[in-house]
Amino acid sequence: MPGFEMFGESEKKQVQDVLDSGVLMRYGFDGMRNNHWKALELEKALSKRMESKYTQLVSSGTAALTVALASAGIGAGDEVIMPTFTFVASFESILAIGAVPILVDVDDTLTLDPVAVENAITSKTKVVMPVHMCGSMADLKALKEICTKHNLLLLEDACQAIGGSYDGKPLGSYGDLGCFSFDYVKTITCGEGGAIITNSEKYKTNADHYSDHGHDHVGNNRGAETHPFLGYNFRISELNAAVGCAQIERLDDFLAIQKRNYSKLRTSLEPLSNVSFRRVPTGGVENYSFLSFFLPSIELAKEAHTALGEAGIDACFYWFDNNWHYYKKWEHLTHKKSLGKLPQEVIDQLPDYSKSDFSKSDAWIGRTISCLIKLSWTEDEVANRAAKMKDVLENFN
Ligand SMILES: *Cc1c(COP(=O)(O)O)cnc(C)c1O
């Protein structure tokens, strides 16, 4: 998945442009910048590629989620539905604006189970936040129907699935708002960075102001700008955006390599009767950043994962025991371990997750192994890996 595997001349040239002008800031300094507006350029390129009217770049994927929620007016006491299997950024962004993360089960798509979502809706629910983990998506049609019925926002976290699609639309563009991360290990990277895409002019304007201290960005005299509302600093720098300008041009090439490598591994494992693959909802196209599959039981999956490591197959993840990606290890969330006092709404409304029944998630995630697809593998390396994985996995049934 990582774009950093493919750093080259185009990234260097883009960064050099910024260093030559000396303007590392995305706003202002019009006279000095030699017409280099890397953040604006990347926003334009993303809007085009993601078939969305507007893009707002920010400093990270976590910032993108936070700003997206804020731009839609989500705040204290609003409930946001999110999956048990995701990156910690999901609840961090929700808590950052004083809202309440409501965890719900995932199904064999490894993303939000629409039935569990509908069961979790209360009068305080405002947002459904599916997370397209490991390159594939939630059942977006079912989620959109639920959102329409209950008047909720659909916010897609497409940080791990850039370039995938659903119903012919780029992931991130199906909901009201979509978020991407360009951190160092994502499919394309800026070093650090993130983006929000939307067709709503209001959300875009709000995101633009909110991510820069509430500045309204009217005119080209920053000192004269007014502040329609409070904001923070979630700006991306021109240096980071410059790297992204080079990487977005290469996204489709990266996806083609991922698909080729993924397909070879998958073809090799397909004959195994003890291995089944993660379900991709009808109408969905993965971005092929991971190959995720199920073993027949939790015990077998654990043993198979260890055996893969021992056979030298690196970069395979067993999320069930992972500190960052599965609710079982989020004791800082479940025990409300905040540095300061959490908003009263969060304290009152946050469910007691130690009593929650996520056995349905456990049954899927406990059986899942996900193997990262690298861009830099040679054909021989992929063939070798495919054969070795088959040899190892066929022993676990
Ligand atoms: C990486 C990631 C994020 C956060 O992105 P950062 O740029 O690292 O802050 C959010 N959600 C998912 C699913 C991610 O993988």
Side-chain angles (χ1 to χ4, degrees), residues 1-4 39 42 46 55-70 80-97 99 101 103-104 106 109-112 127-138 140 154-164 171-172 175 177-197 207 211 232-237 239-241 243-244 247-248 258 278 286-290 292 315 317 319 322-327 329-330 333 361 365 368 370-373:
M1 153 157 105
F4 72 73
L42 179 54
L46 279 164
T55 300
Q56 180 65 41
L57 282 173
V58 287
S59 51
S60 71
T62 312
L65 294 167
T66 308
V67 172
L69 290 167
V80 180
I81 291 176
M82 56 163 278
T84 52
F85 174 51
T86 175
F87 182 55
V88 289
S90 304
F91 60 77
E92 289 169 351
S93 61
I94 297 165
L95 290 169
I97 53 156
L103 271 54
V104 316
V106 298
T109 64
L110 303 182
T111 62
L112 282 181
V127 184
V128 176
M129 187 197 275
V131 184
H132 306 318
M133 285 297 281
C134 303
S136 184
M137 74 296 306
L140 285 167
L154 183 60
L155 194 171
E156 291 175 71
D157 177 341
C159 290
Q160 292 193 10
I162 191 167
L171 291 179
L177 292 143
C179 292
F180 299 106
S181 162
F182 306 119
D183 80 21
Y184 189 56
V185 299
K186 296 304 200 282
T187 300
I188 57 172
T189 181
C190 295
E192 297 283 3
I196 300 141
I197 57 171
S211 58
Y232 291 96
N233 178 0
F234 290 116
R235 291 189 307 257
I236 195 166
S237 86
L239 284 172
N240 295 94
V243 176
Q247 292 253 304
I248 185 75
Q258 282 184 173
R278 168 225 202 127
E286 298 180 68
N287 90 338
Y288 306 104
S289 53
F290 286 84
S292 300
F317 296 88
W319 304 114
N322 181 284
N323 279 340
W324 291 11
H325 294 86
Y326 198 50
Y327 81 92
K329 296 284 177 78
W330 297 339
L333 170 68
S361 301
I365 302 295
T368 302
S370 293
C371 294
L372 182 71
I373 303 296

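Counting convention: from 1, in listed order, for ligands and their atoms alike.
- Protein residues with a heavy atom closer than 4.0 Å to ligand 1 are Ser60, Gly61, Thr62, Phe87, Ala89, Val131, Met133, Asp157, Cys159, Gln160, Ser181, Asp183, Lys186, Gly193, listed by chain and number.
- Taking 4.5 Å as the limit, some side-chain heavy atom of Gln258 sits within range of a side-chain heavy atom of Asn287.
- No hydrogens or angles considered: a donor-acceptor pair under 3.5 Å links the side chains of Ser370 and Trp319.
- Cys371 pairs by the disulfide bond (SG atoms under 2.5 Å apart) definition with Cys316, not counting sequence neighbours.
- For OH of Tyr232, the number of neighbouring non-hydrogen atoms (other residues, nucleotides, ligands) closer than 6.0 Å is 12 at most.
- With sequence neighbours excluded, the residues forming a side chain to side chain contact (heavy atoms under 4.5 Å, CB included) with Ala63 are Val58, Ser59, Ser60, Phe234, listed by chain and number.
- Looking at residues two or more places apart in sequence or on another chain, you find a side chain to side chain contact (heavy atoms under 4.5 Å, CB included) between Ala158 and His132, Leu171, Phe180.
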